[in-house]
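Please read the structure below before turning to the comments.
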Amino acid sequence: MSLALLGQYLVNGLMLGMMYGLVAVGFTLFFGVLDVIKFSHGDVLTVGAFTGFATYLAISATVSVPWLQLIIISTAAMLAMAVLGALIARFLVLPLRAAPALNTLLITLMLGTVLRESVRLFFPDGSNPKPFPALLPRDAFTFGLFTLRLDSVILFVAGIAMIVAVHLVINRSKLGLAIRAVAQDGETARIMGINFTFVVLVTFAIGSALAAFAGVMNGLYYNEINFGMGLLLGVFGFSAAVVGGLGNIYGAILGGFLFAGLQTIGAAALPFASAYKDVFALAVIIAIMTVRPTGLIAEKTSERV
Amino acid sequence: MSATTKPPSRLPALGCAAAAALYGILFLHAESQLAVGALLVAAAAGLALAARFGLVARARDSIGAHQPTFDAAAVIGVLAAAIVLRQQHFAILMMTTAMLLMVAALGLTVQFGFAGVVNFAGSAFLGIGCYTAAVVTRYTDLPAILSLPLGGLVAAAIGSILILPMLRTRGHYAALVTIAFGILFKTFLEVNDTLGGPQGMQVKPIVAFGWNFGRPFRAWDFSASFYFSYLLLALALLAFAFVLVRRLERSWIGLSLDAIRLDEVASACYGLDIARWKVFAFTLGNFLAGCAGAVYGHVLGFIAPNNFTFADSLVLVSIVLLGGIGNVWGVAVAAVFVVMLPEKLQMIQEYRFALYAVLVILILLFRPEGLLPRPLRDYLPGWTPKTPGAGA
């Protein structure tokens with residue numbers, strides 16, 4: 001295989017890994033505070049991307065500077081999804097705290113369907129793919145045979161910045177302390193005077209904003225968005241979060257890159273069957289789960305009898 | 001106490017079955033959206049009134065006390081509805097589909113209703129049955145009716161790949177294993193040319209003992225839709241699965257499964273082999289789904305990977321959950337609800353998936369235990385202990 005192609009696979013894999021990682025961080029944050037899986041996460045990503053697109057349509061006439069447009073679009077998408085995430089937590093996830101975990105899973109899955117169908121039905125001509133504007137510079141560097149596009153670099157750096165920001169919020173701020181406290185033991189955190197509901201809502205807002213960011217990123221990278229884009233991204237992000245070990249942010253990011261890496265290896269190294277890349281990646285995920293049943297970076301749990 | 005009180009009469013149970021059959025006929029027959037809407041409102045109002053006047057409780061007691069009678073009445077009700085609607089292909093097809101999904105959902109009931117083994121790949125196992133039927137009719141000379149047991153066996157065999165990961169993981173991690181498997185299965189079908197790729201495969205109709213299931217049904221001077229033979233087959237399969245699952249539930253096996261679901265550690269302390277029972281429940285559930293799938297493949301006549309998406313697995317899970325996890329009659333009610341409602345709500349054509357999802361959300365919010373919650377280990381139906389508050 002030529003070096004150029006290999007480089008292309010590498011860049012593509014890194015971008016995918018970043019997106020999966022961002023989605024997975026959301027899953028893992030929600031699981032941390034409430035021990036629930038919010039499966040509408042992938043569709044929140046879709047709605048985020050479409051919000052960004054709608055914002056672009058609204059402002060493209062008045063604002064013409066691409067980077068300003070980009071900032072407005074991302075901010076609008078992330079804010080809107082933060083609100084949506086908090087609303088979902090408030091009205092669908094928290095009321096079901098006493099019910100079995102399966103119910104939460106199903107209710108958020110159904111909400112995902114509602115969101116997906118709403119985009120398809122209510123966004124003008126929503127059932128067809130939409131061309132996402134290319135707002136990033138299209139310059140490319142050439143190293144010998146291998147071409148690196150500037151927009152990929154910018155997106156990747158932005159993704160890393162986002163992850164660092166989440167890391168700082170969780171580990172360095174007072175809010176992050178509260179989130180970690182709730183994640184460790186909700187009851188005790190309450191006794192210590194932490195506003196449990198508020199912390200949960202904020203956590204869902206942060207996770208959903210990350211999904212919106214990943215959605216905009218996806219749109220910028222592929223220059224196309226459609227109503228079903230979140231479905232597989234959600235499932236792959238969930239796989240990443242679980243393989244990494246639920247509740248652990250670094251595990252989620254590791255899982256994201258691992259999953260993307262597996263897909264890339266499947267596409268690049270299985271010459272007889274590159275179409276089987278997803279089959280390969282998922283099979284390896286199942287195998288990993290067999291060997292390490294609670295993920296690569298396991299939760300610290302002890303069985304209480 | 002139970003010696004002195006009169007056992008509940010059979011009438012409410014029979015009335016229930018008759019009313020359900022009649023309603024089903026009317027509902028399937030209803031063409032205009034107005035009629036469908038009116039029937040839905042009537043059902044809601046009727047149920048609310050019946051609950052208000054204690055009829056629901058009486059019906060429940062009566063059904064509990066006369067289970068064989070009610071079972072027979074239910075079968076007769078289905079047959080009666082099928083005979084009335086015999087010329088309407090679509091109505092017969094929907095009834096058949098609902099019954100086959102019920103069988104698959106009964107499989108899931110054994111898995112996570114009884115043993116607590118989650119399975120989010122229900123449609124994958126259904127699909128394995130379908131594709132087995134397709135392969136049997138296309139690549140082999142075996143009689144097509146054999147695809148029915150073969151579908152189940154193949155589903156159980158392929159499911160056994162998942163046994164090790166399933167036993168090692170739990171909770172959300174176990175959910176991921178089955179979700180990953182379901183998506184893996186669909187992706188595999190899409191790229192595998194032997195199995196037709198994304199275009200799918202044709203499934204030839206069953207021909208058994210000179211009887212072609214794909215032709216219009218004809219016996220003496222009774223003629224019916226070409227789905228009618230499949231309806232009878234589905235009904236037979238459903239009856240078998242239903243009896244099997246309910247016998248299982250009441251047996252010592254069911255007791256073991258319940259114990260394992262409720263507390264693994266305690267069950268292990270009492271000497272239950274957890275791995276063995278989980279494997280048993282998982283395999284039996286996949287077998288049932290596979291059998292249902294084989295018939296479903298023949299009914300559809302043409303199958304494609306898009307019939308077995310993650311969303312379809314969710315439909316199966318929502319049938320089990322909406323019915324009330326572990327309740328076999330709940331599965332029946334929920335399957336009918338899930339199959340017929342979206343099809344009948346044609347007025348909202350495009351909006352039906354969204355509306356259906358909203359409906360499920362509302363049920364989960366306001367009736368989280370499902371439409372018919374399962375009475376756990378209810379050995380003597382209708383019997384309540386004397387101590388107040390300690391209901392069955």
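Order of the sequence lines sets the chain letters (A, B, ...), proteins ahead of strands, with each chain counted from 1.
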Would you mind checking which part of B/Phe120 comes under 4.5 Å of any heavy atom in chain A, side chain (CB onward), backbone (N, CA, C, O), both or neither?
side chain
Kindly indicate, with the supporting measurements, whether the criterion side-chain contact (heavy atoms from CB on, under 4.5 Å) is fulfilled by B/Leu365 and A/Phe91.
CA-CA 9 Å; B/Leu365 274 181; A/Phe91 291 106; over 6 Å; no
So how far is it from A/Phe236 CZ to B/Ile183 CD1, rounded to the nearest 0.5 Å?
6.5 Å
Go through the atoms of A/Phe280 and report whether side chain, backbone, both or neither lie under 4.5 Å from a heavy atom of chain B.
neither
Who among A/Ile37, A/Thr104, A/Thr113, A/Leu115 has the most heavy-atom pairs with chain B under 4.5 Å?
A/Ile37
What heavy-atom pair brings A/Leu246 and B/Tyr173 nearest, and what distance separates the two atoms?
N-OH, 3.2 Å
Shorter than 4.5 Å, heavy atoms on both sides: which option in B/Leu364, B/Ile179, B/Val317, B/Val118 has the most such pairs with chain A?
B/Leu364
Contacting region of A/Leu111 [heavy-atom separation from chain B under 4.5 Å]:
both
Below 4.5 Å from any heavy atom of chain A, which atoms of B/Asp263 appear? Answer side chain, backbone, both or neither.
neither
Residue A/Ser118 versus chain B: region with a heavy atom under 4.5 Å
neither
Taking atom CZ of B/Arg367 as the centre, does the number of heavy atoms from other residues, nucleotides or ligands within less than 6.0 Å exceed 12?
yes
Heavy-atom distance under 4.5 Å to chain B: side chain of A/Ala283, backbone, both or neither?
both
Please classify the contact of A/Leu109 with chain B as side chain, backbone, both or neither, using a heavy-atom distance under 4.5 Å.
side chain
With rounding to the nearest 0.5 angstrom, report the CG to NZ distance, A/Asp278 to B/Lys186.
10.5 Å
Let me know if A/Phe122 has heavy atoms under 4.5 Å from chain B in its side chain, its backbone, both or neither.
side chain
B/Arg168 side chain to A/Val291 main-chain N or O, any donor-acceptor pair under 3.5 Å?
yes
Options B/Thr169, B/Leu164, B/Leu162, ranked by heavy-atom pairs under 4.5 Å with chain A, top entry:
B/Thr169
Rounded distance [0.5 Å steps], OG1 in B/Thr187 versus CG in A/Leu232
7.5 Å
Identify which of B/Ile363, B/Leu167, B/Leu314 forms the greatest number of heavy-atom pairs closer than 4.5 Å to chain A.
B/Leu314
With rounding to the nearest 0.5 Å, note down the distance linking CG in A/Asn103 to CD1 in B/Ile361.
12.5 Å
Under 4.5 Å heavy-atom distance to chain B, tell me which part of A/Leu231 shows up: side chain, backbone, both or neither.
neither
Measure A/Ile285 against the heavy atoms of chain B and call it side chain, backbone, both or neither at under 4.5 Å.
side chain
Search all heavy atoms of A/Met110 against all heavy atoms of B/Ala357 and return the closest pair with its distance.
O-CB, 3.5 Å
State whether the number of non-hydrogen atoms from other residues, nucleotides or ligands found under 6.0 Å of A/Gln184 atom CD is greater than 12.
no
Given that the side chain runs from C-beta out, which part of B/Val358 has a heavy atom under 4.5 Å from chain A: side chain, backbone, both or neither?
both
Applying a strict 4.5 Å limit to non-hydrogen atoms, the region of A/Val235 in contact with chain B is side chain
